[in-house]
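Beneath this line is the structure, given in structure tokens, with notes to follow.
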Amino acid sequence: MADIDLKQKGSELADKGKGFFGEFRKFIMRGNVIDLAVGVIIGAAFQAIVNSLVNDIVMPVISLLTGGIDFSNWFISLDGSHYKTLAAAQKAGAATLNYGKFLTAVINFILMALVIFIMVKLINDVNDRLKKPEEEPAKTTKVCPYCQSEIPIKATRCPHCTSEIPVDPDFKP
């Protein structure tokens with residue numbers, strides 16, 4: 001009796017495999033979903049590299065060139081009071097318009113986009129140099145000198161105008 005119940009349950013699960021969960025499994029196992037997942041994972045790792053490049057190499061140079069300007073403390077207090085730092089305003093519970101943080105985010109975005117552009121350009125240049133030049137395929141057609149129609153390269157008479165085609169001395173069958 002228990003053996004029959006297990007068989008029945010197994011067939012019910014197999015039937016469900018064709019339903020919602022079966023479709024979901026089929027969707028997940030499609031190639032483009034897997035490729036997308038791999039791309040997201042590699043993108044996250046690449047983001048860490050670019051963030052480190054921007055924050056640890058580029059931004060210190062920019063900070064040196066600008067005299068150490070810290071945009072993060074540029075803000076407007078919306079309650080009319082004056083606070084020395086953004087942290088002090090936030091500690092006091094004041095509503096603030098943090099345009100300095102926005103400016104920092106815009107600068108970071110532009111720098112990150114520039115760094116990514118340069119890296120992709122370098123990778124593409126290296127790939128172009130390593131790529132073997134493609135051989136030009138052998139010609140299979142020629143142009144009739146009389147009617148300018150395209151004809152097979154071995155033709156001695158044009159099928160369009162019926163003219164005899166002079167033999168090309170360079171042609172080797």
Side-chain angles (χ1 to χ4, degrees), residues 17 20-77 84-90 95-156 158-160 165-173:
F20 177 78
F21 290 108
E23 288 180 36
F24 179 70
R25 183 181 52 137
K26 185 178 175 184
F27 169 75
I28 290 297
M29 297 309 291
R30 286 179 22 193
N32 54 357
V33 173
I34 302 298
D35 292 343
L36 179 63
V38 169
V40 168
I41 291 167
I42 290 174
F46 186 70
Q47 180 185 10
I49 292 169
V50 172
N51 280 337
S52 176
L53 180 65
V54 169
N55 294 332
D56 300 333
I57 296 173
V58 176
M59 286 306 279
V61 172
I62 289 176
S63 179
L64 181 67
L65 294 174
T66 61
I69 295 176
D70 182 17
F71 298 117
S72 63
N73 275 320
W74 290 9
F75 66 98
I76 296 172
S77 175
K84 205 164 191 134
T85 65
L86 177 60
Q90 290 174 338
T96 57
L97 187 66
N98 305 325
Y99 65 92
K101 283 189 173 188
F102 176 74
L103 187 59
T104 301
V106 169
I107 291 170
N108 283 342
F109 171 77
I110 291 170
L111 288 174
M112 211 174 277
L114 177 67
V115 168
I116 290 172
F117 171 75
I118 290 170
M119 291 177 80
V120 168
K121 186 163 176 43
L122 289 172
I123 290 169
N124 287 341
D125 288 347
V126 168
N127 282 340
D128 288 345
R129 288 183 186 154
L130 295 177
K131 194 181 292 182
K132 293 180 182 178
E134 294 181 14
E135 292 182 21
E136 191 173 311
K139 291 176 99 178
T140 59
T141 61
K142 61 183 176 182
V143 175
C144 172
Y146 302 105
C147 69
Q148 301 298 310
S149 297
E150 196 170 291
I151 60 174
I153 200 157
K154 293 182 180 181
T156 56
C158 177
H160 303 285
I165 309 296
V167 178
D168 185 6
D170 295 330
F171 175 70
K172 295 177 178 81

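Scope of the values below: all heavy atoms of this structure, side chains included, with no hydrogens, waters or symmetry mates.
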Report summary line: Contacts of Ser52 meeting side chain to side chain donor-acceptor pair (under 3.5 Å) (sequence neighbours excluded), chain-then-number -> Asp56
Requested in this report: Check whether any side-chain heavy atom of Leu122 lies under 4.5 Å from a side-chain heavy atom of Met119, and answer yes or no.
Outcome: no
Report task. Measure across Lys142 and Pro152 and return the closest heavy-atom pair with its distance rounded to 0.1 Å. Result -> CE-O, 3.8 Å
Report task. To the nearest 0.5 angstrom, please state how far the CG atom of Leu103 sits from the NZ atom of Lys101. Result -> 13.5 Å
Report summary line: Closest heavy-atom pair, Thr96 versus Ser77, reported as atoms and distance to 0.1 Å, is CG2-CA, 4.3 Å
Report summary line: Of all heavy-atom pairs linking His160 and Glu150, the shortest is NE2-O, 3.8 Å
**Report entry** Within 6.0 angstrom of Tyr99 OH, more than 12 heavy atoms from elsewhere
**Finding:** yes
Report summary line: Rounding to 0.5 Å, atoms CG (Leu97) and CZ (Phe102) come to a distance of 10.5 Å
**Report entry** Contact summary for Asn73 and Leu86, nearest pair of heavy atoms
**Finding:** OD1-N, 3.1 Å
Query raised in the report: Measuring from Ile151:CD1 to Thr156:OG1, what's the distance to the nearest 0.5 Å?
Result: 8.5 Å
Query raised in the report: Crowded around Phe46 CZ? As in, over 12 foreign heavy atoms under 6.0 Å?
Result: yes
**Report entry** Smallest separation among heavy atoms of Ile165 and Cys144, with atom names
**Finding:** CD1-SG, 3.8 Å
Query - With sequence neighbours excluded, residues passing side chain to side chain donor-acceptor pair (under 3.5 Å) with Thr85 - result: none
